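Some notes on the structure that comes next.
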Amino acid sequence: MRIGILTGGGDAPGLNAAIRAVTRKALAEGMEVIGFRNGWLGVLDKNFVPLGMNAVSGILYRGGTILGSSRTNPYNRDDGPETIRANLKELGVDAMAPIGGEDTLGVARRLSNEGVKVVGIPKTIDNDLYGTDYSIGFDTAVEVVMDSLDKLHPTAEAHHRVMLVEVMGRNAGWIATVGGLAGGADAVLIPEEPFSMEALYARIRKRHQEFGKLFSIVVVAEGAQLDIDGPVTSSKRLDEFGHVQLGGAAHTLAPQIEANTGYETRVVILGHLQRGGGPSAFDRVLATRLGVAAVEMIKAGRFGVMVGLRGKQIVATSLEEGLGSDHPVDKDLYDLVDLFY
Ligand code: F6P
């Protein structure tokens, strides 16, 4: 049995831990593993590296991915899916275990429907996949946000400022909500709960005037939506999967907050720092469990599924179901923010 693995889409801390887990479990089962470089592009180009004990040694704690990544969509290319099927056959790959988010696993779903044997492993700092409670990389991204808010609190307080902190997450407010709760944010603006600027101004004023708190920390998700005007920012730059490149929401909102509250407002964009550094303990263990489970699925001949975490259990969900719905922030969790400003 020969397994092919790849990492596609935006990188996430814990990818290397998953690569290591798949490889070590497969070797223990007497299987072979090859790693395609740069996501689905590596399968199209037959760009791969054999993975053995040495190749995956010393990578558990490293961020990024030893295999490289890309946002290549084979379904955008002439003969893309046919080339993938032919290359997998030529290289003797019996099953694929792609590690990715909705795009990379979306390709896996289509290939699976066309006969390729696939078990998907979910990663994305956005945590926006229905098929798992937590995806690899999310917990580490939240820690980056929490650490950043811890660092921003004293300076915001010293200068009596509003700090507007922009975080990633595309159309999901998980990083903003959980990072904001962990870091004691006074307001969190997310895509799932379109917000009113007037209510935000009122909250900031209330902190100053009623609570005597002369600073505020506001977390804004890059895909945040206004109640009347829709997305705070939009862009014309699309990737191969048709996603707009987001960013800049904080710069759009900061002058409005300053003008309407009268309080000096500064912007901090955490950007790719949220994908950087080594994975948290939670992400290392999650990636390890998911990687091992993927090999177990392959061994058992269960294809067309993604592995995921439900409660404390690792489960398999069909790719159709796991990718078929959104995974919005829990409203109850989001509402907690309102208690702590
Ligand atoms: O999907 C992961 C993610 O980090 C999103 O949160 C963000 O919008 C996007 O990737 C950024 O992608 P890139 O690194 O290609 O700019």
Side-chain angles (χ1 to χ4, degrees), residues 6-16 18 38-41 63-65 67-73 76 98-108 120-132 134-146 148 165-180 188-192 219-225 231-252 267-280 283 286-287 306 308 322-323 326-329:
L6 58 83
T7 52
D11 67 322
L15 285 173
N16 285 324
N38 309 322
W40 290 110
L41 184 62
T65 159
L67 293 176
S69 189
S70 75
R71 296 193 188 276
T72 303
N73 182 357
N76 266 358
I99 310 167
E102 62 167 326
D103 298 332
T104 303
L105 298 189
V107 170
I121 301 174
K123 73 81 218 175
T124 164
I125 65 163
D126 299 355
N127 203 33
D128 59 354
L129 296 171
Y130 176 76
T132 187
Y134 293 102
S135 52
I136 297 167
F138 167 64
D139 182 71
T140 310
V142 164
E143 289 209 347
V144 172
V145 175
M146 182 188 73
S148 304
V165 185
E166 181 174 316
V167 302
M168 284 185 169
R170 261 193 196 141
N171 300 318
W174 281 103
I175 298 174
T177 302
V178 182
V188 174
L189 315 177
I190 62 171
E192 294 95 326
V219 175
V220 57
E222 60 184 353
Q225 301 259 348
V232 177
T233 53
S234 61
S235 159
K236 292 201 165 42
R237 282 187 67 175
L238 302 180
D239 67 19
E240 281 202 33
F241 289 89
H243 296 298
V244 290
Q245 192 176 29
L246 293 166
H251 282 299
T252 304
V267 165
V268 178
I269 298 183
L270 296 184
H272 292 82
L273 285 172
Q274 293 159 98
R275 301 209 312 233
S280 65
D283 275 328
L286 178 65
M306 60 179 280
L323 301 174
D326 293 335
H327 183 221
V329 166

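Each ligand, and each atom within it, is numbered from 1 in the order the structure gives. Quick caveat: nothing in here was measured; it's all calculated off a predicted structure.
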- Task: Give every residue pair that meets the salt bridge (charged side-chain N to carboxylate O under 4.0 Å, His left out) criterion with at least one member in residues 170-179, sequence neighbours excluded.
- Result: Arg170-Asp239
Exercise answer, ligand 1 polar atom pairs (N/O) under 3.5 angstrom:
unit_1, atom_1, unit_2, atom_2, d
ligand 1, 1 (O), Asp126, OD2, 3.0
ligand 1, 4 (O), Arg275, NH1, 2.8
ligand 1, 6 (O), Asp126, OD1, 2.7
ligand 1, 6 (O), Asp126, OD2, 3.4
ligand 1, 6 (O), Gly169, N, 3.2
ligand 1, 6 (O), Glu222, OE2, 3.3
ligand 1, 8 (O), Glu222, OE1, 3.4
ligand 1, 8 (O), Glu222, OE2, 2.6
ligand 1, 10 (O), Arg71, NH2, 3.0
ligand 1, 10 (O), Arg275, NH1, 3.1
ligand 1, 12 (O), Arg71, NH2, 2.8
ligand 1, 14 (O), His272, NE2, 2.8
ligand 1, 14 (O), Arg275, NH1, 3.0
ligand 1, 14 (O), Arg275, NH2, 2.9
ligand 1, 15 (O), Arg71, NE, 3.2
ligand 1, 15 (O), Arg71, NH2, 3.2

- Query: If you look at every heavy atom in His327 and Tyr130, which pair is closest and at what distance?
  - Reply: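 Shortest heavy-atom separation between His327 and Tyr130 comes out as CB-N, 3.7 Å.
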- Query: For the residue pair Ser70 and Asn38, what are the closest heavy atoms and their distance?
  - Reply: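 Of all heavy-atom pairs spanning Ser70 and Asn38, the closest is OG-O, 2.7 Å.
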- Between Ile175, Val165, Val178, which is the residue that forms a side chain to side chain contact (heavy atoms under 4.5 Å, CB included) with Val145?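 Among the candidates, only Ile175 passes.
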- Query: Any chance OH of Tyr134 has more than 12 other-residue heavy atoms, nucleotides or ligands included, within less than 6.0 Å?
  - Reply: no
- Task: Report yes if the side chains of Ile136 and Ile121 come closer than 4.5 Å at any heavy-atom pair, otherwise no.
- Result: yes
